[in-house]
S.K.: 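The structure follows.
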Amino acid sequence: MIRAAHFLVFLPLAACAGPQSALAPGGLSADRILTLATTMFIGGAIIFAGVLIVLFLAMAGPKRFRDAMGKEETVFWTGVVFPIVTLSLLLLYGLAVMANPDGGAQDPSETIHVSGERWWWRIAYLDESGEVQFETANEIRLPENRTAQLLLTSPDVIHSIWIPPLGGKVDLIPGRQNELTLTPRKTGVFRGQCAEYCGGAHALMALDVIVMTEDEFDAWRANMQTPPASPETPLAREGRDLFLDAGCPACHAIRGTPANGRVGPDLTNLGQRLTIGAGTLPNTDEARRLWIAANQHVKPSNNMPPFVFLTERQLYAISAYLGGLKEERG
Ligand code: CUA
C-alpha cells in the first residue's frame with residue numbers, strides 16, 4: 001500500500017530528473033532553493049486544504065460553527081493576523097535563503113568570469129590576482145565540493161544564466177557585474193540555459209557544466225594553461241592550414257596558433273567539449289562539418305557566416321583539426 005502510494009506520488013516526478021532539473025539538485029544552492037520551494041509548496045497546500053475545509057463548514061457545517069465563523073474576532077484572527085504572520089515568516093525565510101543561497105560554503109577556490117555574448121558564453125578562468133589565465137567557451141568545468149565564484153557581465157544585451165541543478169538564476173547586465181556562487185556536491189554533467197530573452201538565437205544559448213573530482217579538475221586546469229599539441233594526422237594539419245587561411249582567425253582564437261580573434265568563442269580545447277554552438281549540437285565530426293557549412297540553418301541568426309564555399313574534403317579537414325584540439329596532454 002505504502003509502496004503504491006510512493007509510486008503514485010513519485011511517478012510524475014520521474015520526468016523531473018535529468019541534467020537540467022531544479023528538482024534533482026547537485027549543489028548547495030540548488031539544495032537550499034529546493035527546500036525553500038518544497039516548504040512553500042507544502043505550506044501552501046496545507047493552508048489551501050484548511051481554507052477549503054473551513055469554506056465547506058461555513059456553508060454546510062453545524063449552526064454553532066457557522067455562528068462562530070461569522071464573529072468579528074474570527075475574521076480578525078484568521079483573516080488578518082494569520083496571513084500577516086504566516087506570510088511574514090515565509091518572506092523572511094525566503095529572503096534569508098535568497099540573500100545567500102550558498103550559505104555555509106567556504107571561500108571560493110575558483111573565480112571564473114562569464115560573459116554573456118550573442119549567443120554564447122565566454123568563460124575565463126582567473127588567477128589569484130584576477131588576471132585571465134585561459135579562456136574557453138560554452139562549457140564550465142568545476143571541482144566537486146569546492147566553491148566557485150562566477151563573475152557575470154555582458155557587453156551589450158541582458159542575459160540570464162540558470163543552471164537549475166546547481167543554483168539560482170542570475171542576470172548578466174551590461175555595465176555591471178553580478179556574482180553567482182556555486183558549490184557542486186556531486187560529479188556529472190549539468191546543463192544550463194540563458195533564461196532571459198536576448199534576441200535571435202536566445203533559445204539556443206545553452207551551456208554544459210561539468211563537475212569533476214578535485215584531482216581531475218586540478219589536472220584539467222593545469223593542462224589548459226599550455227596550448228594544444230600540433231595536429232598529428234595529415235588531414236588535421238591540412239585542416240589547421242585551412243582554418244588559418246579561410247578567415248576563421250578573424251573571430252576565433254586557438255592558443256599556440258596565430259588565430260587570436262575575440263569576436264567568437266575561443267576554440268583552444270574544442271575537441272574536449274561535449275557540445276558545439278552553445279549546447280546546440282553534440283560535438284561529433286558530422287555536427288562540426290554541418291555547423292561550419294550550414295550553421296544558419298542549425299542556429300538561425302547566430303553571428304557566424306555559413307562557410308558554403310568549402311568543399312566536402314575541406315570540411316572534413318577542418319573538423320578533424322578542431323576535433324583534435326584537446327587539453328589532455330600526458
Ligand atoms: Cu542570452 Cu537569452
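In each ligand, atom 1 is the first atom listed, and ligand 1 is the first ligand listed.
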S.K.: Is it true that a side-chain atom of Arg122 and a backbone atom of Arg262 form a donor plus acceptor pair closer than 3.5 Å?
M.R.: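 Looks like yes, one N/O pair under 3.5 Å.
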S.K.: Got a sec: is Cys194 within less than 2.8 Å of atom 1 (Cu) of ligand 1 via an N/O/S atom?
M.R.: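 Checking Cys194: at least one N, O or S atom is under 2.8 Å.
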S.K.: Do the side chains of Phe190 and Leu142 get nearer than 4.5 Å, heavy atoms only?
M.R.: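 The answer is no, as the side chains (C-beta and beyond) never meet within the 4.5 Å cut-off.
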S.K.: What angle sits at atom 1 (Cu) of ligand 1 between SG of Cys198 and ND1 of His159, to 10°?
M.R.: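 Between ND1 of His159 and SG of Cys198, at atom 1 (Cu) of ligand 1, the angle is about 100°.
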S.K.: I'd like the atom name of the N/O/S atom in Glu196 lying closest to atom 2 (Cu) of ligand 1.
M.R.: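 It is O of Glu196.
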S.K.: May I ask you to check if any N/O/S atom from His202 comes under 2.8 Å of atom 2 (Cu) of ligand 1?
M.R.: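 An N, O or S atom of His202 is closer than 2.8 Å to atom 2 (Cu) of ligand 1, so yes.
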S.K.: Parallel under 30°, tilted from 30 to 60°, perpendicular over 60°: which one fits the rings of Phe243 and His252?
M.R.: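 Judged by the thresholds at 30° and 60°, the geometry between Phe243 and His252 is tilted.
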S.K.: Using the side chain to side chain donor-acceptor pair (under 3.5 Å) definition, which of the options Asn138, Asn283, Asp208 pairs with Thr275?
M.R.: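 Among Asn138, Asn283, Asp208, the one meeting side chain to side chain donor-acceptor pair (under 3.5 Å) with Thr275 is Asp208.
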S.K.: Verify the distance test for Ser160 against atom 1 (Cu) of ligand 1: any N/O/S atom under 2.8 Å, yes or no.
M.R.: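 Checking Ser160: none of its N, O or S atoms is under 2.8 Å.
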S.K.: With a 4.5 Å heavy-atom cut-off, do Ile123 and Ile112 have their side chains touching?
M.R.: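 The answer is yes; the side chains approach within 4.5 Å.
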